Amino acid sequence: MPGARRLLEHLRARGVPFGLATSTPATYLKEKMRGHEDVLAMMDCVVTGCMVNRGKPDPEIFVAASAKLGAEASACVVLEDTPVGCEAARRAGCKTIAIPSIRDRKCFEAWSDVVLHSLYDLELEKFGLPAFDDWLPVGDGSADRVLPVPTIEMRGPVVKGFGRGSTQLGIPTANLDIVPLKHQVDSLAPGIYLGFASIRGETHKMVMSIGWNPYFDNSKKTIEPWLLHEFESDFYGEELSLVVVGYIRPEADFTTLEALVERIHRDAEVARVVLEREPFVGKRQMLMP
Ligand SMILES: Cc1cc2nc3c(=O)[nH]c(=O)nc-3n(C[C@H](O)[C@H](O)[C@H](O)COP(=O)(O)O)c2cc1C
């Protein structure tokens, strides 16, 4: 899950104990975590499906994990991506944060204290835990901030979107086909990002949305970079390369189209400012031919 390693390293550095409570049996867990053995090794406890009598949504697994961590369940915070997991955690008496792995967010609400879009949106201080300190303020007097994320590169021919960007919003995006980029997209939580884009031999700043556009309630996930440059003609079919370096915010719903457009322009302003600075500015070189 994007942001998981950042979270665990943050907690470990601050001496907050954490564990894994999974319905997956121990042998499958080993398979599932192949290549991520170091993450498993960071856990203070691991409780698998083999170690309990009743699976989620029964609370047994979280009661057992809390005991292994030496804490009351009511003092523990659970992060879950399934509705049955949230139900189990809540019934155990834990505080419960849902990060849905499915598009339906409603079914999490009854069992969760908060339903997030991704781990990047987690505000630990709201749960009595030490806050993240790696967000960078934009420093223009606004509350805007940017989170540096592990760099992701993507490339492909520009494809047509739903056609609303240039007509309804005045924000023409250069969409990429999501299918061949599944691996990269899985490394990025849905949300609004910034970085650099290269097309026709030139590199430009860009802001990008990955997700379902809640304002339009799309059924299809899309990758929509907006290149911060005036082009004289469109570039469907032309090869576009991207390097994604920072996260701005989750996708949001808005009451009016004007509010959506205003927010996207603010994202662009954030990108114009922070992409001139370290640790972002040096990443531009990654797109040089
Ligand atoms: C920087 C940026 C931020 C965006 N933020 C949102 C958002 O918060 N909510 C939303 O519904 N759509 C958001 N969008 C997506 C736009 O709604 C989308 O680009 C527009 O619908 C055009 O889509 P199309 O290219 O498929 O026609 C964002 C797009 C960009 C480029």
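Hydrogens, waters and symmetry mates play no part in the numbers below; they use all other heavy atoms, side chains included. Both ligands and their constituent atoms are indexed starting at 1 by order of listing. Note that the structure is predicted; figures quoted are calculated from it, not measured.
- Contacts between N213 and ligand 1, counted as non-hydrogen atom pairs separated by less than 4.0 Å, involve both the backbone and the side chain.
- Of the protein's heavy atoms, S209 CB, 3.5 Å lies nearest to atom 29 (C) of ligand 1.
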- Query: Hey, mind stepping through H265 and W226 against ring-ring contact (aromatic ring centres under 6.0 Å, His included) and telling me if it holds?
  - Reply: CA-CA 10 Å; H265 278 279; W226 180 28; 5.3 Å; yes

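- Salt-bridge check for E87 with R90: failed, with every basic side-chain N at 4.0 Å or more from each acidic carboxylate O.
- Counting non-hydrogen atoms of other residues, nucleotides and ligands closer than 6.0 Å to NZ of K221 gives a total above 12.
- Near V207, with a cut-off below 4.0 Å to any heavy atom, the atoms of ligand 1 are 1 (C).
- Residue, atom and distance of the protein heavy atom nearest to atom 2 (C) of ligand 1 are I264 CG2, 3.7 Å.
- If you check which protein heavy atom lies closest to atom 27 (O) of ligand 1, you get R164 N, 2.5 Å.
- Applying the 4.0 Å criterion to heavy atoms of G161 picks out, from ligand 1, the atoms 26 (O).
- Annotation for E9: atom CD counts as buried by contact number, over 12 foreign heavy atoms lying within 6.0 Å.
- Stacking of R6 on the aromatic ring of F132 is recorded, both the 6.0 Å distance cut-off and the 45° axial limit being met.
- Stacking of R164 on the aromatic ring of F162 is recorded, both the 6.0 Å distance cut-off and the 45° axial limit being met.
- Scanning the protein heavy atoms around atom 26 (O) of ligand 1, the nearest turns out to be F162 N, 2.7 Å.
- Considering backbone and side-chain N/O of I171, none are found under 3.5 Å from N/O of ligand 1.
- Counting heavy atoms under 4.0 Å from ligand 1, residue N175 touches it through the side chain alone.
- Geometrically, R145 engages W135 in a cation-pi contact, judged by NZ or CZ lying under 6.0 Å from the ring centre and within 45° of the ring axis.
- In terms of polar-atom proximity, defined here as any N/O pair under 3.5 Å, T173 does make such a contact with ligand 1.
- At least one test fails for K205 against the ring of F196: distance under 6.0 Å to the centre or angle within 45° of the axis.
- For F18 and H10, the ring centers are positioned 6.0 Å apart or more.
- At the top of the distance list for atom 22 (C) of ligand 1, counting protein heavy atoms only, stands G165 N, 3.3 Å.
- Remark: distances from the non-hydrogen atoms of F254 to ligand 1 include one below 4.0 Å.
- Only side-chain heavy atoms of L260 come within less than 4.0 Å of ligand 1; its backbone N, CA, C and O stay farther off.
- In terms of polar-atom proximity, defined here as any N/O pair under 3.5 Å, D267 makes no such contact with ligand 1.
- Checked by distance only, ligand 1 and I192 stay at 3.5 Å or farther apart across all their nitrogen or oxygen atoms.
- The distance from ligand 1 to the heavy atoms of G163 drops below 4.0 Å at these ligand atoms: 24 (P), 27 (O).
- Annotation: L169 places no N or O atom under 3.5 Å from an N or O atom of ligand 1; distance criterion only.
- Listed by number with element, the atoms of ligand 1 under 4.0 angstrom from any heavy atom of E224 are 15 (C), 16 (C), 18 (C), 19 (O), 20 (C), 22 (C), 23 (O), 26 (O), 31 (C).
- Using modelled atom types and a 3.5 Å distance limit, the side chains of E80 and T82 yield a donor-acceptor pair.
- For atom 11 (O) of ligand 1, the closest heavy atom belonging to the protein is Y215 N, 2.8 Å.
- Both V46 and L7 belong to a single network of hydrophobic side chains, linked directly or stepwise wherever heavy atoms of I, L, V, M, F, W or Y lie under 4.5 Å apart.
- Ring geometry for Y120 against Y193 counts as perpendicular: the plane angle is over 60°, on a 0 to 90° scale with 30° as the lower cut.
- In terms of polar-atom proximity, R249 is counted as a contact of ligand 1, with an N or O under 3.5 Å from an N or O of the ligand.
- Scanning the protein heavy atoms around atom 9 (N) of ligand 1, the nearest turns out to be A252 O, 2.7 Å.
- Side-chain contact annotation: S74 with E72, donor-acceptor N/O pair under 3.5 Å absent.
- In this structure, R12 places its CZ atom where only 12 or fewer heavy-atom neighbours from other residues, nucleotides or ligands lie under 6.0 Å away.
- Contact annotation: for R263 versus ligand 1, there are no heavy atoms closer than 4.0 Å.
- Between F216 and ligand 1, a contact under 3.5 Å exists for no N or O pair.
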